[in-house]
Amino acid sequence: MKKILLALFIIVSAASADAQCENTIDYCKSNFSNEFISDGQVYKALLYNDQIAEFDISLFGGNTYRISCGSGEGGGNLVFRLYDKEKNLLFSNQDYTNAPFWDFVLESTIDCTIEAQLDLNRVESGCGVLLIGFKE
Amino acid sequence: MFKLNKHLFFAALACTALLSSCVEDKGTVSDADSIDEVVEGNGTNGSMVKYDGEIFSIPSPVQTAILIRKSNAKYNEDLLNPTENISKYVSEVQKALNLGVYGADLAYLANFGNKQQSVTYFKEVEMLSTDLDVKGAIDNGIFSRFYENIDNRDSLYAINAEFYRAGDTYLKDSKRNQTASLIITGGWVEALYFALDAAAYNPEVRKRVGEQGKALQSLVNLLSPYDDAQLVKVRTGLSELLTDFSELEVVYNYAKPIHDAENKKTYINSSSNVQVSDAQLQSIQEKLVSVRNTIIQ
């Protein structure tokens, strides 16, 4: 009986984590107008406490990029920062009340790193999601 | 305010990993396939996790296709992977790689408004996504919208990207990261193949070719956990290509960005420049063609 309960708990818990990510992805998608084209990828990580998720990205000149982010069922819970390859901070949404999306206009291509972490004043764990779109 | 119970969260995380082990791709899979890889002490503070085990964002084939269109390149059907080849793709690795290739072909076709060919290639994409058990997870509306918008180039770009994002989400949720990585790889190789053709006469495209080094490094890393024979051949070819990219000189100049809070917009003023000589371009092209041949033949 215990094993059955444990198995049920496992299934329900896993589904809950997936569902949470799914809801956040849907929220992040809603921040894109038709003019933006998706980069075709989804960036997500289960975050706890002060963990930082990061990935590298090349932002190509002549494009405007929109980065949309969230954790939970809305925006504002995830802080993201954009650094250049010399670790100069180019942007932090923390300076703009954790704005759930932001546009970046590029004249020239640059290699960047994006870091994301939860705003611990609002949440202490959750599925962090970032979506990226671009337009000419 | 959205707060998860701490214990429930960790139980869910552990259980997700446990369940994922039951549905992983065939072949050897390393820790890179776990939802998040935690690396202690590498962050500016706290611990570092990688997004879905990835360490890089790979440029969209659609983005490269748009650049090629702007370069005034002429339509060249010979650049496409012939649809007759699809019967050769038997293994999951071959199908995934070529699903990426045909997706890039679709983006290229959208540039030139070739409706008949677009429909033909879209059918190949549908067929491969069915074989890979991906199609069922993608909203049927995407397929109908493709046919409804066959005359609208911008819509085709968007639908193409949406299709691949939906596939990427589904595959990663199913812990089929190898398949997701292969689709991305196929798309990147095919898009670079188009770009190299246009780079011979267009300096902007040549520069874009030279800017692919980081993406290539990431692809090599993405494919590193797997040991399928064809995949290893592709990875080896990409590694050889990487040596060419590592020789390119990139000059970067930081400049302070300008923020426009009202419009939620930042102007990035930093710049970079990369020089690609004719000889370097030719070497890159030869190696890339070799990798592509491994994928499509």
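In what follows, chains are A, B, ... by sequence order, proteins preceding strands, each numbered from 1. Computed over heavy atoms, backbone and side chain alike; hydrogens, waters and symmetry mates excluded. If you're wondering where the values come from, they're calculated on a predicted model, not measured in any experiment.
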Q) Would B:Asp154 and A:Lys135 count as a salt bridge (charged side-chain N to carboxylate O under 4.0 Å, His left out) if you check the C-alpha gap in whole Å, the side-chain angles of each, and the deciding distance to 0.1 Å? A) CA-CA 10 Å; B:Asp154 291 337; A:Lys135 65 175 181 177; over 6 Å; no
Q: Please examine the side chains of A:Val105 and B:Thr266, heavy atoms only from C-beta on, and report whether any two atoms are closer than 4.5 Å.
A: no
(Q) Which heavy atom of A:Ser108 sits nearest to which heavy atom of B:Ser271, and what is that distance? (A) OG-CA, 3.4 Å
Q | Heavy-atom side-chain proximity of B:Arg69 to A:Glu136 below 4.5 angstrom | A | yes
Q | Residues in residues 256-265 of chain B that sit under 4.5 Å from chain A, counting heavy atoms only | A | B:Pro257, B:His259, B:Asp260, B:Ala261, B:Lys264, B:Lys265
Q: Would you tell me whether A:Asp111 and B:Tyr252 have side-chain atoms, one donor and one acceptor, within less than 3.5 Å of each other?
A: no
Q: Would you tell me whether B:Glu162 and A:Ser38 have side-chain atoms, one donor and one acceptor, within less than 3.5 Å of each other?
A: no
(Q) As an exercise, state the distance from OG1 of B:Thr64 to CZ of A:Phe60, rounded to the nearest 0.5 Å. (A) 6.5 Å
**Q.** Minimal non-hydrogen separation, A:Val42 against B:Asp168, with atom names
**A.** N-OD2, 3.1 Å
Q. What residues, two or more places apart in sequence or in another chain, satisfy side-chain contact (heavy atoms from CB on, under 4.5 Å) together with B:Glu204?
A. B:Asn202
Q) What is the minimum heavy-atom distance between A:Ile37 and B:Ala158, and which atoms define it? A) CG2-CA, 4.4 Å
Q: Only counting residues at least two apart or in another chain, list the ones meeting side-chain contact (heavy atoms from CB on, under 4.5 Å) with B:Ala65.
A: B:Ala107, B:Asn111
(Q) Quick check: closest heavy atoms across B:Arg165 and A:Gln41, and the distance to 0.1 Å? (A) CD-O, 3.6 Å
Q: Give a yes or no on whether A:Glu35 atom CD has more than 12 heavy-atom contacts from other residues, nucleotides or ligands under 6.0 Å away.
A: yes
**Q.** Results of salt bridge (Lys or Arg N to Asp or Glu O under 4.0 Å) for A:Arg66 - residues two or more places apart only
**A.** A:Asp103
